[in-house]
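Structure first, commentary second.
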Amino acid sequence: MMHNLALRNLRARSLRTAILIALTALLSLTICGGTLLVSGLQRGLGSLEARLGADIMVVPYEARTKSNLETIVLQGNPGYFYMDRSRYEKIAGTEGIAQISAQFYLASASSGCCSIPVQIIGFDPETDFTVTPWMKRSYEGTLQNGDIVVGNDLNAFPGDTLQFYGVECHVAAKLEKTGTYYDSAVFTNEETIVSLIQSSLDKGMNDFADTDPAKAVSAVLINVADGYSPEEVMNDINIHVKKVKAVQTKEMIAGIAGSLQGTSDVIGLLIAAVWVLGLVILLLTFSMQMNERRREFAVMRVVGMSRRSLAWLVMQEALLSGACGAVIGTAAALIGMLSFRSAIGAQIGLPFLLPGTAGTAGLALGAVMAVMLSGAAAAACTAYRISQIDTARILRGDNG
Amino acid sequence: MTLTAKQLSKEFPRKSRTSNCFTALCPLDFTLEPGKLTVLTGRSGSGKSTLLNVLAGLMQPTQGQVLADGQDLYAMPDVALSEFRNRHIGVVPQGQTAVYSLSLLENILLPVTLFRRPSDAEQQRAQLLLTELGIVKLADVPPAELSGGEMKRMAIARALLPQPEIVLADEPTADLDEENTDIVFRALQTAAKNGAAVLAVTHEQGAERYADRVCTMHNGILEG
Amino acid sequence: MKKITVTDILLLLLSLALCIGIKVIFHACGPKEDGGFMACHWAEQAVFAASIGMAGVSCIRLLLSRREKAGAALAVAVMAAVTAFLPGVFIRLCMMQEMRCHAVMRPAVLLLCIAVAAAGVTDFVLSRKDDRHDA
């Protein structure tokens with residue numbers, strides 16, 4: 001019956017209840033949405049780190065090095081540049097290298113109708129240590145000539161055929177989501193990309209017209225051996241190998257990490273501000289309710305409700321409205337974030353990867369609990385004050 | 001059940017030039033006997049309502065005891081006292097008192113519904129009280145739509161519903177016309193006839209004719 | 001004067017929101033460099049046409065009797081359910097998930113269609129309840 005009474009009280013004061021629900025919904029929307037956003041950014045950065053998977057990247061000096069490389073690797077703007085394969089041999093001779101592999105870049109003009117240019121990345125399956133481990137999770141086989149593996153954001157599926165520069169490529173697998181630009185890239189082996197580059201050159205659609213695809217590489221990825229520091233090896237390459245620029249991947253990511261920290265801080269501040277504001281308004285609302293319903297609470301005492309039960313009644317009302325608002329707000333945040341995650345990621349311009357189902361459910365549950373606890377905490381003060389009311393004084397109309 | 005007040009006094013802290021406190025009840029002894037309707041009269045501020053609230057277990061006395069069949073109300077913990085009040089004491093508070101989310105009938109059933117689902121007998125008794133007090137047509141009306149007099153009669157029905165052994169009514173006829181005043185006092189009389197110890201605090205002229213005993217309060221002193 | 005309920009208004013407003021939104025706020029990708037349309041353009045056109053139908057029926061039903069209104073509400077709900085599948089299922093969209101038609105248009109259409117369908121079904125259920133009360 002007590003539970004029913006709390007519900008009845010909430011229903012009877014529909015405007016006040018609606019305000020309480022709206023307030024808690026706003027709180028949970030901010031908390032759940034904000035946390036998901038921060039979590040998505042952090043996972044995006046982690047994913048990018050994992051996908052880069054190398055300590056050092058070496059690119060041709062003409063590629064205007066870092067800025068150009070970052071545009072491709074971090075911002076996802078398709079591009080390409082080449083250097084002679086002889087430089088790869090020279091780099092490989094540098095001391096302190098544990099793993100080394102070459103990559104080949106090509107930007108598609110388009111992959112048919114309804115597409116924006118796609119970054120095509122070629123790798124050498126024999127030496128590759130960055131793409132292969134990731135690809136193995138989705139594709140066990142070996143890429144044949146003409147086979148491609150597509151990123152998760154490409155609307156192509158295994159068995160489909162895509163055409164790049166007139167060359168038909170067979171989609172062998174679709175990679176799992178990373179939240180980075182790699183999701184909209186296409187991967188293939190060295191043999192296939194060489195034929196694609198050749199085709200682009202034949203069609204006059206490649207800026208590097210005098211390149212011999214068979215003798216060109218775009219970037220060299222290096223993992224440093226134990227006992228050597230990446231900085232040491234990077235400096236060594238920059239000093240001893242001409243016309244190349246070696247960059248530490250950590251340095252490349254530092255800029256993104258900085259932006260991410262800034263964005264996370266702003267979101268954190270927003271959550272804190274909304275939370276504090278929400279708590280203050282909740283406290284005021286509960287306090288106003290106490291004054292407005294003093295005689296009602298006094299009647300409850302008169303008919304035999306204990307102080308503890310009276311406090312529990314107030315808490316029940318707060319918990320019910322809080323739970324309702326928290327669920328609505330969290331659901332709205334989930335619907336918004338999950339439905340528009342691509343748009344949000346694109347808008348932020350940083351790697352963005354939302355947590356998986358379990359992680360998202362955990363965050364949502366956490367947001368609901370946090371908001372309910374905040375509401376309960378705000379109501380607890382009022383509930384305590386109500387439990388201490390002087391029934392006789394209130395009934396005599398004395399407000400003191 | 002007999003309600004006995006022993007050496008009961010109540011003082012309120014109030015800063016004035018002469019004293020730091022105001023004495024609402026001078027030490028008094030008082031017994032509310034079962035089967036009798038006691039009417040307590042007196043001028044405003046004489047201490048009538050204070051005595052009623054102290055007897056109801058709603059206001060801790062400064063000194064003295066309130067004993068219900070020998071059981072000291074103020075020696076009980078709050079939960080036990082609340083339960084005791086629910087089972088044995090029916091209080092009609094001063095002014096308009098209602099839970100606004102409930103209908104008139106639900107307000108009357110409140111002492112029961114707080115703890116359990118009302119039985120058929122309790123539902124029937126509620127209907128009987130509604131009829132007796134002339135508010136049967138208003139059973140489903142929310143308190144916000146009731147007049148002061150209707151609200152008062154609802155409070156009386158609420159107090160009488162569980163057939164308490166002690167009934168304490170503070171100004172039960174304050175907003176009522178002559179006809180309804182008669183109805184209310186007859187209801188209180190019936191409760192007394194059924195064995196309850198009834199105390200009605202009132203300003204009402206002519207309330208004495210319903211009473212088995214009349215007492216008067218004057219500046220915190222009980223006479224009669 | 002026919003009684004206009006909250007769900008009547010909601011149904012009309014949501015249909016109009018879909019109708020206007022698909023052209024103004026959550027439209028498909030822009031034209032290609034050569035001026036031609038991408039596949040998602042036709043999905044946008046189809047959603048627009050369907051939403052005009054929904055808004056029209058939502059408007060006309062205000063003039064109908066209660067039973068007819070309930071039927072029309074159900075029809076709008078069915079139209080919304082079908083419209084939800086127009087982009088991406090019945091009509092293909094662009095190649096990249098990050099493109100506007102995938103990132104903005106499809107989820108927005110899906111959510112609004114779910115809302116329209118929910119409002120339509122709610123209106124239908126409430127009308128049936130009223131009918132039973134009156135019987």
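Chain letters run A, B, ... following the sequence lines, proteins first and then strands; every chain starts at 1.
Looking only at heavy-atom pairs under 4.5 Å with chain A, the residue among B:E83, B:E106, B:M59 that has the most is B:E106. Most heavy-atom pairs under 4.5 Å with chain A: of the set B:V91, B:V99, B:L81, this distinction falls to B:V99.
When heavy atoms are compared at a cutoff of 4.5 Å, B:N86 approaches chain A by way of both its backbone and its side chain. In this structure, chain A has no heavy atom under 4.5 Å from any part of B:A56. Looking at A:V302, the atoms closer than 4.5 Å to chain B (heavy atoms on both sides) sit in the backbone and in the side chain alike. There is no contact between A:R293 and chain B, counting heavy-atom distances below 4.5 Å. Residue B:R87: no heavy atom, backbone or side chain, is found under 4.5 Å from chain A. Contact annotation for B:L102: both backbone and side-chain heavy atoms come within less than 4.5 Å of a heavy atom of chain A.
At a cut-off of 3.5 Å, with distance as the only test, no side-chain donor of B:D78 or A:S306 sits close to an acceptor on the other residue. Of the N and O atoms on the side chains of A:Q261 and A:S264, not one donor lies less than 3.5 Å from an acceptor on the other residue.
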Test side-chain hydrogen bond (donor to acceptor under 3.5 Å, both in side chains) applied to B:D140 and B:S103, step by step: CA-CA 5 Å; B:D140 297 323; B:S103 69; 4.8 Å; no
Kindly determine whether A:R16 and A:E317 satisfy salt bridge (charged side-chain N to carboxylate O under 4.0 Å, His left out), including the steps that lead there. CA-CA 11 Å; A:R16 199 200 67 207; A:E317 287 181 26; 3.7 Å; yes
Output, in order, the C-alpha distance, side-chain angles, deciding distance and verdict of salt bridge (charged side-chain N to carboxylate O under 4.0 Å, His left out) for A:D153 and A:K177. CA-CA 8 Å; A:D153 279 355; A:K177 183 114 180 137; 2.7 Å; yes
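The side-chain contact (heavy atoms from CB on, under 4.5 Å) test with A:I328 singles out one residue from A:L26, A:L29, A:I21, and that residue is A:I21.
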